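Source: prediction; values computed, not measured. Note that the numbering runs from 1 along the sequence shown for the chain.
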Amino acid sequence: MSSTSKHVILVTGGTGLIGSAIKHVIETEAPNSRFGKHDGEEWIFARSSEGDLRDPVATRELFAKYKPTHVIHLAALVGGLFKNMKYKLTFLRENTLINDNILHTSYETHVVKLISCLSTCVFPDKVEYPLDENKIHLGPPHESNFGYAHAKRMVDVSNHAYHEEFGCNFTSAIPTNVFGPADNFDLEDSHVIPGLIHKCYLAKKNGTPFVVSGTGKPLRQFIYSYDLAKLFIWQLREYNEIEPIILSVGENEEISIKEVADSIVKAVGFQGDYKFDTSRSDGQFRKPASNAKLLRLIGNFEFTPFDKALDETVKWFLDNYHNARTGKKSA
Ligand code: NAP
Ligand code: GDP
């Protein structure tokens, strides 16, 4: 990005986990530093009440209001394994509508650069590990979230088509499982870390068992939302390909769901009964992704150690319990 002309950066889904982390980093890093706000930049963090992006008219109105030159597109119907298993068609339709509206309106309004957010769910279930940027379309995704995965996969197809037919600079980011402050801590519909933090908190408060879904054996790579935010800011300013890029910790940093639950027990200070409900799904066993391309392009990048990031997230949850997205507060 040139430092002389004015840039208006619209972050869709700007109030969510990743959007609020980008806002935090932009506002707290030193001005004009690698991740801080640069002179000439205006950052807009849009919430859904400003415009339902499933609606093309509302999407055009949002773009007419802010006239973005750059877009980081995060808005989506989002959820963890159990929500994805329940609402496959809704995940497919809503995310397809949102993505089509954002990409087409960005094309119509001559947006200079658009980054859309995919997920490692887009990768084939049966493929040689580690996952890398060249393997997205090599086979069907895992059956547990195929609706969400196909909607997200098509963004990569669209990015290439917009580039080849109209010369658009549309690209995408592929994060692994994300966690941090301002996450959705719903008990059933959230991702594993916020869901288990909330469950562990309630178990401690009510003197009830802490129940982890599945066997605890599946492996995941987790990235702290504040680290991911820096990577998005870097990608916006310094990454110049249409091809997606995986934004992740190293493939050697997979941890089991049991290790996650153990760390949560420690961070929450829970001492009661702790067990696994093996009648519930494990989902995909693992999906290790390589960050070799990221490290080659960004140079050195320091990821926050998992336990430190988890402690900060638990602290945020405890400090903000009454305003956090927790679903049923009476549970
Ligand atoms: P999140 O916390 O649930 O936030 C979702 C955001 O999307 C919210 O700001 C929400 O706005 C907005 N949104 C949802 N439906 C909308 C609609 N119809 N119109 C306008 N805005 C809408 O999700 P997140 O975890 O930050 O996820 C952001 C992106 O990262 C998504 O594309 C997701 O697929 C991707 N991703 C997430 C993870 C993860 O582990 N969390 C992993 C990989 C990829 P309101 O809150 O104002 O309603
Ligand atoms: P994924 O990484 O896309 O599969 O999504 P999740 O963040 O939902 O993680 C799912 C994994 O965590 C599966 O192995 C689940 O069995 C396990 N898990 C254990 N407890 C929970 C929970 O309370 N919520 C969720 N979402 N997953 C859980």
Do [X] and [Y] have side chains that get closer than 4.5 Å, going by heavy atoms?
{"X": "Val249", "Y": "Thr176", "answer": "no"}
{"X": "Phe210", "Y": "Leu202", "answer": "no"}
{"X": "His163", "Y": "Asn169", "answer": "no"}
{"X": "Ile233", "Y": "Val25", "answer": "yes"}
{"X": "Phe82", "Y": "Ser281", "answer": "yes"}
{"X": "Ile44", "Y": "Val11", "answer": "no"}
{"X": "Phe185", "Y": "Ile197", "answer": "yes"}
{"X": "Phe270", "Y": "Ile264", "answer": "no"}

Would you please indicate if the ring centroids of [X] and [Y] are separated by under 6.0 Å?
{"X": "Phe170", "Y": "His160", "value": "no"}
{"X": "Phe179", "Y": "Phe306", "value": "yes"}
{"X": "Tyr201", "Y": "Phe317", "value": "yes"}

Item checked: Least distance between heavy atoms, Pro181 atom then Tyr226 atom ->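 Minimum heavy-atom contact is CG-OH, 3.4 Å.
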Note to self: If you compare all heavy atoms of Asp282 against all heavy atoms of Gly214, which two are closest, and at what distance to 0.1 Å?
What the structure shows: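 Minimum heavy-atom separation between Asp282 and Gly214: OD1-CA, 3.3 Å.
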Can you tell me if [X] and [Y] form a side-chain donor-acceptor pair at under 3.5 Å?
{"X": "Tyr66", "Y": "Glu50", "result": "yes"}
{"X": "Thr326", "Y": "His198", "result": "no"}
{"X": "Ser213", "Y": "Asp277", "result": "no"}
{"X": "His191", "Y": "Asn184", "result": "no"}

Salt-bridged, [X] to [Y], with N to O below 4.0 Å?
{"X": "Glu27", "Y": "Lys23", "value": "yes"}
{"X": "Glu133", "Y": "Lys293", "value": "no"}
{"X": "Arg34", "Y": "Glu238", "value": "yes"}
{"X": "Arg237", "Y": "Glu41", "value": "yes"}
{"X": "Lys83", "Y": "Asp186", "value": "no"}
{"X": "Lys67", "Y": "Glu42", "value": "no"}
{"X": "Arg60", "Y": "Glu108", "value": "yes"}
{"X": "Lys135", "Y": "Glu128", "value": "no"}
{"X": "Arg280", "Y": "Glu188", "value": "yes"}
{"X": "Glu254", "Y": "Arg286", "value": "yes"}

Check: Step by step, would you call Tyr224 with Glu312 a side-chain hydrogen bond (donor to acceptor under 3.5 Å, both in side chains)?
Finding: CA-CA 10 Å; Tyr224 190 35; Glu312 289 179 13; 2.5 Å; yes
When rounded to the nearest 0.5 angstrom, what distance separates [atom1] in [X] from [atom2] in [Y]?
{"X": "Glu143", "Y": "Asp125", "atom1": "CD", "atom2": "CG", "result": "8.0 Å"}
{"X": "Cys200", "Y": "Lys266", "atom1": "SG", "atom2": "NZ", "result": "13.0 Å"}
{"X": "Ile18", "Y": "Ile22", "atom1": "CD1", "atom2": "CD1", "result": "7.0 Å"}
{"X": "Glu241", "Y": "Ser172", "atom1": "CD", "atom2": "OG", "result": "10.5 Å"}
{"X": "Asn159", "Y": "Glu164", "atom1": "CG", "atom2": "CD", "result": "11.5 Å"}
{"X": "Ser248", "Y": "Leu228", "atom1": "OG", "atom2": "CG", "result": "9.5 Å"}

Residue [X] excluded, over 12 heavy atoms near [atom1] under 6.0 Å:
{"X": "Arg47", "atom1": "CZ", "value": "no"}
{"X": "Arg93", "atom1": "CZ", "value": "no"}
{"X": "Tyr87", "atom1": "OH", "value": "no"}
{"X": "Tyr274", "atom1": "OH", "value": "yes"}
{"X": "Lys315", "atom1": "NZ", "value": "no"}

Note to self: With a 4.5 Å cut-off on side-chain heavy-atom distances among I, L, V, M, F, W and Y, is there a chain of contacts connecting Leu10 to Leu74?
What the structure shows: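 Leu10 does not cluster with Leu74.
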Notebook entry, point to check: Going only through I, L, V, M, F, W and Y residues with side-chain contacts under 4.5 Å, is there a path from Leu187 to Ile193?
Noted result: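 Yes; Ile193 is reachable from Leu187 via cluster members.
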Heavy-atom donor-acceptor pair, [X] side chain to [Y] backbone, under 3.5 Å:
{"X": "Lys113", "Y": "Val71", "result": "no"}
{"X": "Lys275", "Y": "Val212", "result": "no"}
{"X": "Ser106", "Y": "Val111", "result": "no"}
{"X": "Ser256", "Y": "Leu219", "result": "no"}
{"X": "Thr96", "Y": "Leu92", "result": "yes"}

Check: Among Thr304, Asn291, Leu231, which residue meets the side chain to side chain contact (heavy atoms under 4.5 Å, CB included) test with Ile223?
Finding: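 Among Thr304, Asn291, Leu231, the one meeting side chain to side chain contact (heavy atoms under 4.5 Å, CB included) with Ile223 is Leu231.
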Note to self: Can you classify the ring geometry of Tyr239 versus Trp234 as parallel (below 30°), tilted (30 to 60°) or perpendicular (above 60°)?
What the structure shows: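 Taking Trp234 first and then Tyr239, their aromatic rings sit tilted (interplane angle of 30° to 60°).
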Next item on the list: For the residue pair Phe303 and Phe301, categorise the inter-ring angle as parallel (less than 30°), tilted (30 to 60°) or perpendicular (more than 60°).
Entry: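 Rings of Phe303 and Phe301: perpendicular, over 60°.
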Notebook entry, point to check: Going through the checks in order, is the ring pair (Phe, Tyr, Trp, His ring centres under 6.0 Å) test met by His150 and Phe91?
Noted result: CA-CA 9 Å; His150 277 294; Phe91 270 95; over 10 Å; no
